[in-house]
Amino acid sequence: MFKLIGAILLISTCGYVGWQVSRSYAHRPVELRQFMSALQMLETEIIYAATPLPDALSGIAERVDTRVSSFFAQAAKELKTTRGSSAREAWSAALDRYRADSTLDRGDLGILNSLGYNLGISDRDDQAKHLRLTLEQLKMAHARAEETAVKNVKLWNYVGLLGGMIIVLALY
Amino acid sequence: MNGVVQVKPGMHSRGWDEVLPVLPPNLEKMIARLPDHILARLEEIRLRRDRPLVLGAGGQDFFLRRDGQPDSIPESAYITSGDDMEKVIHNISGASIYALEEELRNGYITLPGGHRVGLTGRAVLENGQVKTLKYLSGLNIRIGREIKGTAAALLPRLLDQAASNIHHTVIFSPPRCGKTTLLRDLVRLASSGVPQLNYPGRTVGLVDERSEIAGCYRGVPQMDVGVRTDVLDGCPKAQGMMMLLRSMSPDIIVTDEIGKMEDIVALEEVFNAGVRIIVTIHASSMRELTNRPALKYLLQLNIIQRFVLLGRSRGVGTVEKILYGNEVPPRR
């Protein structure tokens, strides 16, 4: 009886771990898409409305999905509260905070971080170029993320469950 | 002019404490430590990249030593660094240079409180027109001070009691005689009304092409321009007058520094609509006024009832002369 309960616990735990790993793979493309639509909003704000960055960022935070929203809210807050800190500093500080509970990998974060170097410091045409470049790069990252997601989501679900079963068998 | 005129101490508002926060912390501290009598008269803070910091107060300028003491020689003066410039530009633009294209083209930015920052750098041209400025290397932070009451003595002579409105008025003077300051106060009184004069106040439409009269920050006047005043900020005068006429049904239309023929044509439309005008003109005498073709035409219309000449004979903003329309000799 105890053996049976132990086996079920072991299998479900391993299954859960596998599911968690697979979920992070499944979430990365979603998160990238959210960033892409947020940056598209930022582009509109900058190019057509010429909204100053703090306002533009907090406006976006209100409109995008909760996960990405926290990043934009943080960046806006950094810009508004710390006087004299540049947009680059505010952007990367917000990104540092965001990193912890994100499924983005280092490459994705690098793309976003490099946008910060150019944000707000030039005229509208130039801002548009940098935003488009970032969007292009995110698009490519998104395609790659989709690919790895297709491969890994199923894989890790199985690895978790099967791994649990193998351990159970080995222990019997 | 921008309200930066000399008046007796005590009439000043504390403009400087609204301006200092745009400076980098080290400069802010240095300037805030200056003696009160200098701070109270502080008019300008000039930052030039890699050159000494210059402050202007009471019509004179001086340097600031690295230890924060005012000094008249530039040798030991604080040198404005590139980093200082960047921080100031960051602060005045809200970290968004792209939002300032129009301002960069015009060469100045209005701050909250109606203060202005003049800008120089390298002009970027497009089709022979200045598109924007880059490599900003010179900043002049001008502390605007609103002086209320300068037009109070003048107003009774401009009032048309029969119509309970203001006569068509032209204010003219050489530069730096307080035209804008006087005009701003006149707008305030004409709009809010003066019960003692039995004048209830009228709807005023103000075309503020250079943001000098109302000192708008994001469209909101930072100076008191009266309760019944609509401000078209940054709008070309001739177009702005027509827009106000069509959309806001003003009783009085106000603008400054007219002189082009298109301005006069727009003014004619305003006259025809039965709306009163108050305008300012750069000119030091009636003769100079009539020498300019557009203004000569305006006089030939024979519709302006009050000409106010300002000077500095008893300080900035002295009303030297008020001519009535019928006193102006007829012109061919």
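Below, chains carry the letters A, B, ... as their sequence lines are ordered, and counting in each starts from 1. Computed from heavy atoms alone, side chains included, the values below leave out hydrogens, waters and symmetry copies.
Heavy-atom pairs under 4.5 Å with chain B peak, among A:Ala56, A:Ala49, A:Ala50, at A:Ala50.
Each ring pair (Phe, Tyr, Trp, His ring centres under 6.0 Å) pair with one or both residues in residues 94-116 of chain A, not counting sequence neighbours, appears once here: A:Phe35-A:Tyr98, A:Phe71-A:Tyr98.
With hydrogens and angles left out, the side-chain atoms of B:Asp67 and B:Tyr78 include no donor and acceptor closer than 3.5 Å. B:Asp233 and B:Tyr217 are not linked by any side-chain donor-acceptor pair at a separation below 3.5 angstrom, with hydrogens and angles left out of the test.
Only the side chain of B:Lys131 has a heavy atom closer than 4.5 Å to any heavy atom of chain A.
Salt bridge absent: B:Arg142 and B:Glu44 never bring a charged side-chain N and a carboxylate O closer than 4.0 Å. Salt bridge A:Glu78/A:Arg97: absent, no basic N to carboxylate O contact under 4.0 Å.
For A:Met41, the side chain to side chain contact (heavy atoms under 4.5 Å, CB included) partners at least two apart in sequence or on another chain are A:Ile60, A:Arg63, A:Val64. Among residues two or more places apart in sequence or in another chain, the side chain to side chain contact (heavy atoms under 4.5 Å, CB included) test is passed with A:Ser37 by none.
Heavy-atom neighbours of chain B within the stretch residues 120-132 of chain A, taken at a separation under 4.5 angstrom, comprise A:Gly120, A:Ile121, A:Ser122, A:Asp123, A:Arg124, A:Asp125, A:Gln127.
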